[in-house]
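Down below is the structure, laid out as structure tokens.
These numbers come from the heavy atoms of this one structure, side chains and all, not from hydrogens, waters or symmetry mates. Just so it is clear, the model here is predicted, and its values are computed rather than measured.
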Amino acid sequence: ALLIAESFVIGTLLLGVVAFLVGICIAHPVKDFQLIIFLVINTALSVLTYYRIITDRPWEEFPLLKEADFPELFRAVRETAAAMRAPRVDEIRLAPAEFDAFVTSSFALLPGLRRHILVIGYPLLCAMSERAFRGVLAHELSHVSNRDILVSSIAVVLAGSVAMASHFLGSALMFGG
């Protein structure tokens, strides 16, 4: 349901941009439509890139932990997040063979739908003391507090836009368009 909601928002934004561009074309007819074509293609590719980001969820293959089964783990996450004034973690997943921990956010660009997921490797969890685990946890929660995932998502879309713009400008300069 959340994916449908985000897809609807993105689709609505894309239609709004296309309607805006069509309005510009009607109000100010231009002989050379390269800019308009660039904007339409760039917008579509940006939306597709973001859609790819939100639908690629490798963490879903890992088992979802329940608080009833792991109360100490959930307590440690809550206490560390509260001490750091970090947003709450919505899901905790266990990676059976990963000696790693990471956080990610689904729906990173939509504040009302954003969900923070903590993935902890089982070997890492077994190898550390509680104090060391809380240190790793604080590091991962700092990514959430600093909005690193949001910034990364925006950077990917902007990098695609810059690449597309440079391609169009390079072609226009090379072929005299």
Side-chain angles (χ1 to χ4, degrees), residues 1-17 42-164:
L2 291 176
L3 184 59
I4 292 169
E6 187 157 358
S7 299
F8 176 75
V9 169
I10 290 172
T12 304
L13 289 173
L14 178 61
L15 285 176
V17 169
N42 187 25
T43 302
L45 288 177
S46 294
V47 169
L48 287 173
T49 300
Y50 182 65
Y51 182 77
R52 174 74 177 148
I53 290 169
I54 65 170
T55 57
D56 183 26
R57 298 168 185 214
W59 63 85
E60 287 185 346
E61 70 187 52
F62 301 131
L64 178 64
L65 301 181
K66 297 189 180 352
E67 186 167 5
D69 298 330
F70 300 94
E72 298 86 18
L73 174 64
F74 279 80
R75 180 181 47 78
V77 170
R78 265 195 317 275
E79 288 174 0
T80 306
M84 297 177 59
R85 293 188 181 101
R88 72 175 166 68
V89 172
D90 299 298
E91 292 180 16
I92 301 176
R93 293 190 175 260
L94 188 67
E98 301 287 323
F99 199 83
D100 194 9
F102 64 90
V103 290
T104 187
S105 294
S106 59
F107 308 106
L109 296 180
L110 295 178
L113 299 176
R114 189 175 302 136
R115 296 180 48 77
H116 304 294
I117 296 109
L118 172 65
V119 179
I120 305 167
Y122 181 72
L124 181 71
L125 194 58
C126 292
M128 292 189 302
S129 66
E130 183 177 348
R131 184 171 185 221
F133 172 71
R134 285 182 183 256
V136 169
L137 188 58
H139 169 83
E140 295 305 329
L141 290 174
S142 71
H143 291 301
V144 175
S145 295
N146 295 332
R147 297 188 171 124
D148 293 344
I149 298 132
L150 173 65
V151 171
S152 297
S153 298
I154 292 170
V156 166
V157 172
L158 289 178
S161 298
V162 169
M164 180 66 74

**Report entry** Shortest non-hydrogen contact from V119 toward A95
**Finding:** CG1-CB, 4.0 Å

Query - Contacts of P87 that satisfy side chain to side chain contact (heavy atoms under 4.5 Å, CB included) - sequence neighbours left out - result: H116, V144, S145

Query raised in the report: Between A76 and L137, what is the shortest heavy-atom contact and its length?
Result: O-CD2, 3.6 Å

Query raised in the report: For A132, what residues pass the side chain to side chain contact (heavy atoms under 4.5 Å, CB included) criterion, not counting sequence neighbours?
Result: M128, S129

Query - Nearest heavy atoms of P96 and Y122, plus distance in Å - result: O-CB, 3.7 Å

Query - Listed once per pair and sorted, the salt bridge (Lys or Arg N to Asp or Glu O under 4.0 Å) pairs that draw on residues 120-134, sequence neighbours left out - result: E79-R134, E130-R134

Query raised in the report: Measuring from I120:CD1 to F62:CZ, what's the distance to the nearest 0.5 Å?
Result: 12.0 Å

Query raised in the report: Taking only residues two or more places apart in sequence or in another chain, which ones pass side-chain hydrogen bond (donor to acceptor under 3.5 Å, both in side chains) with E67?
Result: R78

Query raised in the report: Is there a side-chain contact between V89 and I117, using heavy atoms and a 4.5 Å cut-off?
Result: no

Report summary line: When T80, L124, L73 are each screened for side-chain contact (heavy atoms from CB on, under 4.5 Å) with F133, the one that passes is L73

Query raised in the report: Taking only residues two or more places apart in sequence, or in another chain, which ones meet L64 in a side chain to side chain contact (heavy atoms under 4.5 Å, CB included)?
Result: E91, R93

Query raised in the report: Looking at CG of L94 and CZ of F70, how far apart are the two atoms once the value is rounded to the nearest 0.5 Å?
Result: 6.5 Å

